[in-house]
Chemist: 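Shown below is the structure under consideration.
Heavy atoms only: backbone and side chains are in, while hydrogens, waters and symmetry mates are out.
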Amino acid sequence: QDRRAASQGDYDEQDRRVKGAEVFVGGLPRSATEGTLREIFSTCGEIVDLRIMKDQNGVSKGFGFVRFAERECAYIAKRQKNGIELQGKRLAVDLSLDQDTLFFGNLCKEWSAEEFEELIHKTFKDVISVDLATASNLDSSTSKRRLNRGFAFVRFSSHGAAARVLRIGSRTDFMLGGILHPAINWAERESNVDADEMAKIKTAFVGNLPANANEEYLKKLFGHFGEVIRVAVSRKGQYPVGFIHFGSRSELDNAIKEMDGKTVSGPNRGPSFKIQVSVARPAVENDNKRSREEVKTRRSNVSGGKPDYSHGRYGHDSVERQTKAPRLSNRVADVTDPYEAALNSLPSAVNELLLRILRLGIGSAYDIDIHCIKSLSELPESGAVAVLNQFLITGSDKRNKGEYFLSLIAKRKVEAFGAAQILQDTTYLSRNSEIQTKRYRHQDYDYTASG
DNA sequence: GTTGAGCGTT
């Protein structure tokens with residue numbers, strides 16, 4: 001047990017060291033194994049972790065990840081291996097997105113940013129940053145204490161650290177600050193569902209069910225938590241999953257608290273299993289039936305607008321999401337206005353985000369002046385999107401918004417510049433040969449250990 | 001061909 005604790009600690013150390021050192025490998029032939037990957041990439045530097053993603057049946061999905069001991073190795077891997085052929089297929093090698101940020105929803109709106117940050121630091125380790133969505137001017141009419149918007153983004157020192165928190169935090173008894181069960185997810189995997197809507201969800205998602213679980217069985221299990229309006233079992237996947245519609249949110253919260261992670265006996269006193277209960281994801285509304293025009297009007301009439309779950313740190317939000325996102329503006333473009341022209345010259349995703357910030361009053365055209373926009377346009381689209389998302393969340397309570405906006409841009413530019421330097425730096429080639437001759441003991445880390 | 005688990009029907 002001590003050894004396990006120690007190795008967990010080492011793992012965290014390792015995690016931190018190798019940040020940014022992972023490559024994504026796409027275009028793998030189905031037959032390629034992890035051994036194949038290792039063979040290919042071991043010439044780039046020391047590999048500390050590598051995996052090929054597979055479906056439930058263990059069939060390769062055709063892509064994988066290789067994590068190196070050093071960041072430089074990832075660049076080398078990209079240079080050396082991107083586009084090479086493997087069994088007739090062209091490999092795609094790029095720096096991995098290496099997600100390390102979690103979305104926290106269903107938070108207590110009374111928490112101040114400071115309180116929440118402290119709470120997060122007390123509850124989890126390896127926290128890098130905490131961004132609680134603060135109120136924009138939505139509630140400016142009320143004189144009472146400013147409420148937060150009920151969601152936050154928390155960044156961790158590594159994917160592994162974030163994944164552990166996701167595991168722990170989506171479990172059971174897990175109550176943040178002892179009072180609520182937060183909705184935790186990977187930050188950029190979420191769609192455009194607003195936090196208020198999320199808090200209204202009264203449906204439980206029930207997972208890890210045995211194959212013979214049915215509606216009746218679930219009804220018996222969950223009936224006494226309150227009013228059960230409807231129970232549904234879906235058998236689309238290889239195991240069934242359940243949905244329990246409760247009469248109120250508190251009944252749902254209680255059911256999660258009591259049931260998630262519990263060992264229960266299966267249907268007809270079948271073998272027992274660990275049931276998993278969580279807040280269901282919001283049902284996807286199908287916009288197809290509704291005309292685009294209707295959507296536009298409906299959305300633009302919502303005063304204040306709604307927060308967006310997509311953190312967009314990497315600015316490559318799915319096209320699907322982009323097309324679903326409310327198309328802004330009944331604005332009449334005035335092309336003679338240089339400010340308007342600068343706005344229009346931005347990529348559409350950037351333009352929309354910026355318009356949203358202006359519309360929500362998180363920043364004004366006075367704060368985000370034409371200089372800011374020019375500076376923003378010098379960033380790659382993904383960087384600009386990231387800056388705007390960051391501003392969207394943290395900008396509203398900043399004193400000098402224009403300065404803050406520019407500082408976010410500057411940070412991005414330094415990052416971009418730094419990366420370019422690394423790529424052009426020839427010294428890493430000689431370092432590479434050093435790395436190759438060094439022999440490290442490869443350690444297998446226990447991903448399943450739950451701190 | 002960007003994961004890390006799983007999310008449907010009235």
Side-chain angles (χ1 to χ4, degrees), chain A residues 15 22-30 32 34 37 49-67 74 78 81-83 86 89-102 156 158-171 183-191 193 198 201-211 213-215 218 228-245 252 260 273-286 312-319 382 445 447-448 450:
Chain A
D15 260 3
E22 187 182 70
V23 288
F24 163 78
V25 186
L28 288 171
R30 302 287 162 201
E34 296 181 339
L37 262 196
D49 184 35
L50 125 182
R51 57 205 180 282
I52 287 177
M53 305 315 299
K54 304 170 182 146
D55 64 19
Q56 312 89 307
N57 309 317
V59 179
S60 163
K61 289 188 181 176
F63 64 92
F65 299 88
V66 180
R67 183 179 289 275
K78 177 173 172 167
K81 309 297 184 185
N82 185 29
L86 179 61
K89 293 196 70 179
R90 219 170 258 286
L91 287 194
V93 180
D94 209 339
L95 295 187
S96 131
L97 298 178
D98 204 11
Q99 172 67 295
D100 59 6
T101 302
L102 295 180
F156 294 87
S158 67
H159 172 79
R164 282 193 291 279
V165 169
L166 179 59
R167 268 193 99 78
I168 294 163
S170 14
R171 275 208 163 262
I184 306 182
N185 226 317
W186 293 107
E188 48 170 17
R189 311 215 57 211
E190 282 299 330
S191 53
V193 183
M198 185 77 179
I201 294 173
K202 300 171 191 168
T203 304
F205 173 79
V206 186
N208 201 33
L209 293 170
N214 57 17
E215 284 83 354
L218 290 180
V228 172
I229 293 167
R230 213 165 62 81
V231 174
V233 170
S234 161
R235 296 175 185 283
K236 271 177 75 177
Q238 97 168 315
Y239 291 102
V241 295
F243 297 88
I244 322 284
H245 294 249
L252 167 60
D260 184 32
F273 65 99
K274 263 197 171 179
I275 198 164
Q276 292 178 355
V277 189
S278 57
V279 182
R281 288 209 275 268
V284 280
E285 70 193 85
N286 203 348
R313 204 160 54 82
Y314 302 103
H316 80 302
D317 290 9
S318 72
V319 178
S382 61
Y445 297 103
Y447 281 87
T448 61
S450 63

Chemist: Reading DNA chain B from 5' onward, which residue's closest nucleotide shows up sooner: Val231(A) or Val93(A)?
Modeler: Val93(A)

Chemist: Is any side-chain N or O of Arg67(A) closer than 4.0 Å to OP1 or OP2 of dT2(B)?
Modeler: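 Checking Arg67(A) against dT2(B): no side-chain N or O falls below 4.0 Å of OP1 or OP2.
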
Chemist: Round to a whole Å and report the spacing from CD1 of Ile201(A) to P of dG8(B).
Modeler: 13 Å

Chemist: Please determine whether any donor N or O and acceptor N or O are separated by less than 3.5 Å between the side chain of Gln276(A) and the base of dG6(B).
Modeler: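 In this structure, the two groups form a donor-acceptor pair.
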
Chemist: Answer yes or no for this row: Phe205(A) ring on dG6(B) base, centroids under 5.5 Å, planes under 30°.
Modeler: no

Chemist: For the side chain of Glu22(A), starting at C-beta, report the closest nucleotide among dC7(B), dT2(B), dG4(B).
Modeler: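 Among dC7(B), dT2(B), dG4(B), the one nearest the side chain of Glu22(A) is dG4(B).
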
Chemist: Does the pair Lys61(A)/Asp55(A) count as a salt bridge with the N-to-O cut at 4.0 Å?
Modeler: no

Chemist: If I pick the P atom on dT10(B) and the same atom on dG6(B), what distance separates them, to the nearest angstrom?
Modeler: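 Result for the P pair: 24 Å, nearest Å.
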
Chemist: Check the orientation of His159(A) and Trp186(A). Use parallel for under 30°, tilted for 30 to 60°, and perpendicular for over 60°.
Modeler: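 Taking Trp186(A) first and then His159(A), their aromatic rings lie parallel (interplane angle under 30°).
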
Chemist: Between atom CG in Leu37(A) and atom P in dG1(B), what is the gap in whole Å?
Modeler: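 Spelled out: CG on Leu37(A) to P on dG1(B) is 15 Å.
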
Chemist: Could you state the atom-to-atom distance from CZ of Arg235(A) to P of dG6(B) in whole Å?
Modeler: 18 Å

Chemist: Could you check which of dG1(B), dG4(B), dC7(B) has an atom nearest any side-chain atom of Val241(A)?
Modeler: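 Given the options dG1(B), dG4(B), dC7(B), the side chain of Val241(A) is closest to dC7(B).
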
Chemist: Give the rounded distance in Å between these two atoms: CE of Met53(A) and P of dG1(B).
Modeler: 13 Å

Chemist: Using atom CG of Leu91(A) as one end and atom P of dG1(B) as the other, report the distance to the nearest whole Å.
Modeler: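 These atoms are roughly 13 Å apart.
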
Chemist: Considering residues at least two apart in sequence or located in another chain, which fulfil the side chain to side chain donor-acceptor pair (under 3.5 Å) criterion with Lys202(A)?
Modeler: none

Chemist: Tell me: NE2 of His159(A) to P of dT2(B), nearest whole Å?
Modeler: 15 Å

Chemist: Checking Arg235(A) side chain against Ala211(A) main chain: does a donor-acceptor pair fall under 3.5 Å?
Modeler: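 Side chain of Arg235(A) to backbone of Ala211(A), a donor-acceptor pair under 3.5 Å: yes, one is there.
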
Chemist: By side chain to side chain donor-acceptor pair (under 3.5 Å), which residues pair with Thr203(A), not counting sequence neighbours?
Modeler: His245(A)

Chemist: May I ask you to say what Phe63(A) touches in the nucleic acid, namely base, sugar-phosphate or nothing, with a heavy-atom cut-off under 4.0 Å?
Modeler: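 Counting heavy atoms under 4.0 Å across all strands, the contact made by Phe63(A) is with sugar-phosphate only.
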
Chemist: Can you tell me if the side-chain N/O atoms of Lys236(A) get under 4.0 Å from OP1 or OP2 in dG8(B)?
Modeler: yes

Chemist: Students often get this wrong, so: under 4.0 angstrom with heavy atoms, is Ala232(A) touching a base, only sugar-phosphate, or nothing?
Modeler: base

Chemist: What is the distance, to the nearest angstrom, from the CD1 atom on Ile244(A) to the C1' atom on dT10(B)?
Modeler: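 Value for this atom pair: 15 Å.
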
Chemist: I need the CG-P distance between Leu102(A) and dG4(B), as an integer number of Å.
Modeler: 14 Å

Chemist: Roughly how far apart, to the nearest Å, are dG8(B) and dG4(B) at atom C1'?
Modeler: 24 Å

